[in-house]
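Just below is one structure, and these are the notes that go with it.
Along the sequence shown, the residues carry numbers beginning at 1.
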Amino acid sequence: MINLMTVEPGQKLRLKDGTIAEVVENIGDGIWVQARRVGDSNEELIHCEEIVGAAEDA
C-alpha cells in the first residue's frame, strides 16, 4: 500500500493491470493522481484502488 499524500511528480507507480504510470501531478486528496502510463503520452486520473504500489527502477 502506498500513501498517495506523499507521492511526487515523476514517481512511477505499478498498476493492477501490470502497467507502470508516471505521476504528473498529485491532486493532494489521497485518492487521485494525474499520471501517464509509460509508453503513452495521454494523461489520466488514476484512482488509489488501481495502484498496487511504487514501481522501483521501472
Side-chain angles (χ1 to χ4, degrees):
M1 184 75 157
I2 188 166
N3 180 355
L4 288 186
M5 296 299 287
T6 63
V7 171
E8 297 184 14
Q11 186 171 350
K12 292 187 172 112
L13 304 172
R14 183 168 307 282
L15 306 181
K16 284 184 178 179
D17 67 3
T19 61
I20 304 297
E22 182 176 353
V23 176
V24 175
E25 179 183 357
N26 186 339
I27 306 304
D29 62 0
I31 297 173
W32 296 95
V33 292
Q34 183 79 22
R36 73 173 65 87
R37 294 174 195 258
V38 173
D40 187 354
S41 61
N42 296 321
E43 294 181 9
E44 62 182 293
L45 284 174
I46 307 227
H47 191 266
C48 60
E49 291 185 5
E50 296 178 59
I51 301 168
V52 175
E56 304 302 325
D57 300 321

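Distance check, rounded to the nearest 0.5 Å: CD of Glu50 to CG of Asp17 gives 8.0 Å. Annotation: the span from Asp40 atom CG to Glu22 atom CD amounts to 12.0 Å, rounded to 0.5 Å.
Taking each heavy atom of Gly30 and Cys48 in turn, the nearest pair found is O-CB, 4.3 Å. Considering every non-hydrogen atom in both Glu25 and Pro9, the closest pair reads CA-CG, 4.5 Å. The minimum heavy-atom distance between Ser41 and Arg36, with the atom names listed, is O-NE, 4.0 Å. Of all heavy-atom pairs between Gln11 and Ala54, the closest is NE2-CB, 4.0 Å. In plain terms, the two heavy atoms of Thr6 and Asn3 that are nearest each other are OG1-O, 2.8 Å. Between Leu45 and Trp32, the closest heavy-atom pair is CB-CE3, 3.7 Å.
Checked by atom type and distance alone, the side chain of Lys16 pairs as donor or acceptor with a backbone atom of Glu49 at under 3.5 Å.
Here the side chains of Ile20 and Arg37 are not in contact, with every heavy-atom distance at 4.5 Å or above.
In the hydrophobic clustering, where aliphatic and aromatic side chains (Ile, Leu, Val, Met, Phe, Trp, Tyr) are joined below 4.5 Å either directly or transitively, Leu4 groups with Ile2, Val7, Leu13, Leu15, Val23, Val33, Ile46, Ile51.
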